[in-house]
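What follows is a single structure, written as structure tokens, with notes after it.
We name chains A, B, ... by the order of the sequence lines, and we start the count at 1 in each one.
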Number of protein chains: 2
Amino acid sequence: MLGEPIKDRRAERHEATRAEIIDAAWAIAREVGLAAIALREVARRVGMQAPSLYSYFASKNAMYDAMFAQAWSDIRDKKPSYDSLPTDPRAAIRQVAHYFFDWAVADPARYLLTSQRTIPGFEPSPEAYQPAVDVVNETVELFAHLGIPADALDLYTALVAGLCAQQVANDPGGDRWKKQVDPAMDAFCDYVGLPASKPRRTSSRGKR
Amino acid sequence: MLGEPIKDRRAERHEATRAEIIDAAWAIAREVGLAAIALREVARRVGMQAPSLYSYFASKNAMYDAMFAQAWSDIRDKKPSYDSLPTDPRAAIRQVAHYFFDWAVADPARYLLTSQRTIPGFEPSPEAYQPAVDVVNETVELFAHLGIPADALDLYTALVAGLCAQQVANDPGGDRWKKQVDPAMDAFCDYVGLPASKPRRTSSRGKR
DNA sequence: GTCTATACACCGATAGAC
DNA sequence: GTCTATCGGTGTATAGAC
């Protein structure tokens, strides 16, 4: 008996092609908009005919689903860990907020897919949604570390989401709402009762 | 000389038909999603053939443009005026925020069109954008009345936008972020230095 | 001016040959 | 797994009836 091969080369190849397709789809989304992705163009860029894509994705929405999962996995795996953050809670929350903000604003199409329900008929599957849940759960853990009440989570996500939404929609390419990230986080920290940073002149900035 | 008729019945009729078309388009958007509006279906509902719509709108995006303008005009004309608001600034800002929030959440398709850049290739024209500018300007005036610094506007809009975005995207039909409207406004008022409401126990909640 | 009829190029998706 | 052929749909242009 030979047993099963350790590596399934066929499956590996399949997965690699899926990734290649997704990359092409993202590139198109950045150029013409998330909702304007044409499967024929995706296929063309990876050297296929359009129907061949259906060997890799059951539908266009299934492709969006994979893109959704990939984007959230990306931010989950790349975002700063608690260990790498400043010890001052206010500085830490600022840094995390800036990380999310910059990530979202850097790719408006990705922001629309991950954070808005903009594609008619597309709803992320539970599996695709899991990385997003992970991100939320890890944010809850971070709050615990920083001494922020867990029930302040929804207010925090609304704050970050709103800054990103306004920047992308009303000042694309600018920094009008990026400048509001620090004030927003300061207001948030005040509200949840975080002690003020040590008065080091650089920690709390500006107003009060 | 007879002069010109006081009313141009033809133009009136034209305008009425345009409004009828827009209403049909909104109805479809609510049923199937903003980006899934099909001109043939719009035409069917108003008793036309699809190409006839081009007598009223130069393109589908021109229809979106008119819808954009109509939605912002609607909120501009319906939102509570300063005179009708509670005299307590904190209660007033809460009420205004709730008004916007409820308006946005009541119609997610409308929210997407007015507050997100979600339709590829659609950018509101300056004329269509004007009512949105009006709303912002009137909010600035309100801030002046309430004693809120004008440069807090961007933080305020981000706050409201974020609450709406999270509610629509992550808890449609629920009230998870509606419950955060009051906390968010309290945090905002604290941050901009608004004096606390009179400790009347009822002053910040209820109709003052 | 308003509308119909027709046509075109494109879309997502499917069937079936190889 | 990939192809060709094709289906019913889309936005939109245009010619012409009334």
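From the 5' end on, the contacts that DNA chain C makes with chain B at under 4.0 Å to a non-hydrogen atom open and close at C:dT2 to C:dA7.
Taking a 4.0 Å limit (strictly below) on heavy-atom distances, residues 29-37 of chain B reaches DNA chain D at B:Ile37. Near DNA chain D, meaning a heavy atom under 4.0 Å away, the residues from residues 46-55 of chain A are A:Met48, A:Gln49, A:Pro51, A:Ser52, A:Ser55. Within residues 57-65 of chain B, no residue places a heavy atom under 4.0 Å from DNA chain C.
Side-chain atoms of B:Tyr64 never come within 3.5 Å of backbone atoms of B:Leu113 as a donor-acceptor pair (strictly under, hydrogens ignored). The backbone N or O of A:Asp175 sits less than 3.5 Å from a side-chain atom of A:Asp171, completing a donor-acceptor pair. Side-chain atoms of A:Tyr99 come within 3.5 Å of backbone N or O of A:Lys78 as a donor-acceptor pair. Checked by atom type and distance alone, the side chain of B:Thr114 pairs as donor or acceptor with a backbone atom of B:Tyr111 at under 3.5 Å.
The side-chain heavy atoms of B:Tyr82 and B:Glu138, taken from C-beta on, include no pair separated by under 4.5 Å.
Side-chain contact annotation: A:Trp103 with A:Asp74, donor-acceptor N/O pair under 3.5 Å present.
Applying the salt bridge (charged side-chain N to carboxylate O under 4.0 Å, His left out) rule to A:Lys179 yields no partners; only residues at least two apart in sequence or on another chain are considered. Residues forming a side chain to side chain contact (heavy atoms under 4.5 Å, CB included) with A:Pro108 (at least two apart in sequence, or on another chain): A:Val168.
Minimum heavy-atom separation, B:Arg110 to B:Ala71: CG-CB, 3.9 Å. Here the closest non-hydrogen pair linking A:Leu163 and A:Phe101 is O-CE1, 3.5 Å.
Remark: A:Asp190 engages A:Arg90 in a salt bridge, criterion side-chain N to carboxylate O under 4.0 Å. Using a cutoff of 4.0 Å between basic side-chain nitrogens and carboxylate oxygens, A:Arg9 and A:Glu12 are not scored as salt-bridged.
Side-chain atoms of B:Arg40 stay outside donor-acceptor range of the base of D:dG9, with no qualifying N/O pair under 3.5 Å.
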